[in-house]
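Reckoned from all heavy atoms, side chains included, excluding hydrogens, waters and symmetry mates. If you read the sequence from its start, that first residue is 1, and numbering goes on from there.
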Amino acid sequence: AWNMTADLAMDLSTDADVRRLAEMGVEVWAAPAGRRGEVVEFARTHWNENWAWEVEHASGCHYAARSGVLLGFAAWGARPCWFGPMGTAPPARGLGVGRVLLRRCLAEQRDAGLTRAEIGWVGPLRFYSRAVGARAERVFALYRRRLEVSAHV
């Protein structure tokens, strides 16, 4: 598993991408604390309970929807200085939704006084590298072992 770091001094503008998405009927919104129920449920249904908790407790959250159907979300600040989680539903992948949501969250982190953000447990390294110039800085070796429980204790 990898953690990446993004330098928040870079250009994080999204205006052109937001206009392009709007032409496809996709709207991007901020989800203020206390009004994230639908985004929390989206994270829970499509990913897991841990991500839902992080969205609910995040400092900032953004989401994208088309015709009232959620397509993706991104959150930051459930852990200090961290970006994530972020997820895009399969039908929306490749539209540029993730890039916009990522950049909007990172811009909020910068506005909150941070100079860099850690992107934890990254899946698509190439995406984050291309979208915001993030670089892998922490690498974790994951070990698994199957434990057998004896009937005789």
Side-chain angles (χ1 to χ4, degrees), residues 1-33 35-36 38-142:
W2 304 269
N3 280 12
M4 297 182 85
T5 300
D7 180 353
L8 301 181
M10 71 172 299
D11 176 16
L12 295 170
S13 61
T14 61
D15 293 343
D17 286 332
V18 168
R19 282 192 299 274
R20 182 183 51 76
L21 289 172
E23 291 172 4
M24 292 186 281
V26 177
E27 296 178 290
V28 181
W29 302 93
R35 297 181 56 200
R36 296 185 186 151
E38 190 175 359
V39 181
V40 169
E41 191 55 38
F42 179 76
R44 179 179 291 116
T45 300
H46 293 279
W47 287 275
N48 60 58
E49 186 63 41
N50 294 334
W51 280 24
W53 183 91
E54 290 194 50
V55 169
E56 187 171 14
H57 294 89
S59 297
C61 179
H62 293 263
Y63 68 97
R66 180 171 29 207
S67 301
V69 176
L70 263 64
L71 301 175
F73 74 95
W76 69 273
R79 296 180 186 124
C81 303
W82 278 45
F83 166 81
M86 180 175 90
T88 304
R93 292 181 186 156
L95 297 178
V97 168
R99 174 184 155 98
V100 168
L101 297 173
L102 167 65
R103 286 174 162 243
R104 288 182 77 163
C105 284
L106 293 181
E108 280 187 350
Q109 288 182 276
R110 180 180 56 211
D111 293 346
L114 300 173
T115 58
R116 47 185 260 168
E118 187 164 351
I119 306 167
W121 296 94
V122 173
L125 289 166
R126 181 178 251 168
F127 165 77
Y128 289 102
S129 178
R130 287 181 176 172
V132 294
R135 60 198 178 280
E137 292 202 10
R138 296 176 72 194
V139 179
F140 305 92
L142 303 178

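- Proximity of a side-chain donor or acceptor of R138 to a complementary backbone N or O of T5 within less than 3.5 Å is not detected.
- Distance alone, capped at 3.5 Å, places no donor-acceptor pair between the R79 side chain and the E54 backbone.
- Contact detail for D7 and T115: the closest heavy-atom pair is OD1-O, 3.5 Å.
- Between the side chains of S13 and D11, a donor-acceptor pair is found at a separation under 3.5 Å.
- Residue A89 comes nearest to W47 through the heavy atom pair N-CH2, 4.1 Å, listed as atom of the first residue, atom of the second, then distance.
- Separating the CH2 atom in W29 from the CZ atom in R35 is a distance of 10.5 Å, to the nearest 0.5 Å.
- Classification of the Y128-F83 ring pair by plane angle, with boundaries at 30° and 60°, yields perpendicular.
- Side chain of R36 to backbone of V55: a donor-acceptor contact under 3.5 angstrom is found.
- Residue W76 is tested with H62, E108, Q109 for a side-chain hydrogen bond (donor to acceptor under 3.5 Å, both in side chains); the sole match is E108.
- When all heavy atoms are compared, the tightest approach of W51 to P85 is CD2-CB, 3.4 Å.
- The closest donor-acceptor contact from the side chain of R103 to the backbone of A131 lies under 3.5 Å.
- The residues E41 and R44 are annotated as salt-bridged, a charged nitrogen and a carboxylate oxygen being separated by less than 4.0 angstrom.
- Closest approach of V100 to D17, counting heavy atoms only: CG2-CB, 3.4 Å.
- Residues V122 and F127 form no side-chain contact, since every pair of their non-hydrogen atoms from C-beta on lies 4.5 Å or further apart.
- Considering only heavy atoms from C-beta on, L102 stays 4.5 Å or farther from R99 through its side chain.
- Classified by interplanar angle (parallel below 30°, tilted 30° to 60°, perpendicular above 60°), the ring pair H46/F42 is tilted.
- Interatomic distance, OG1 of T14 versus CZ of R20, reported as 11.0 Å (0.5 Å rounding).
- Counting all heavy atoms, side chain and backbone alike, W53 lies closest to A78 at CZ3-CB, 4.4 Å.
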Would you please test F140 and N3 for side-chain contact (heavy atoms from CB on, under 4.5 Å) and show each step? CA-CA 8 Å; F140 305 92; N3 280 12; 3.6 Å; yes

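- Considering every non-hydrogen atom in both F73 and M86, the closest pair reads O-CG, 3.1 Å.
- At least one side-chain heavy atom of R66 sits under 4.5 Å from a side-chain heavy atom of L95.
- Look at R116 and E118 and you find no salt bridge, because none of the NZ, NE, NH1 or NH2 atoms lies under 4.0 Å from a carboxylate O.
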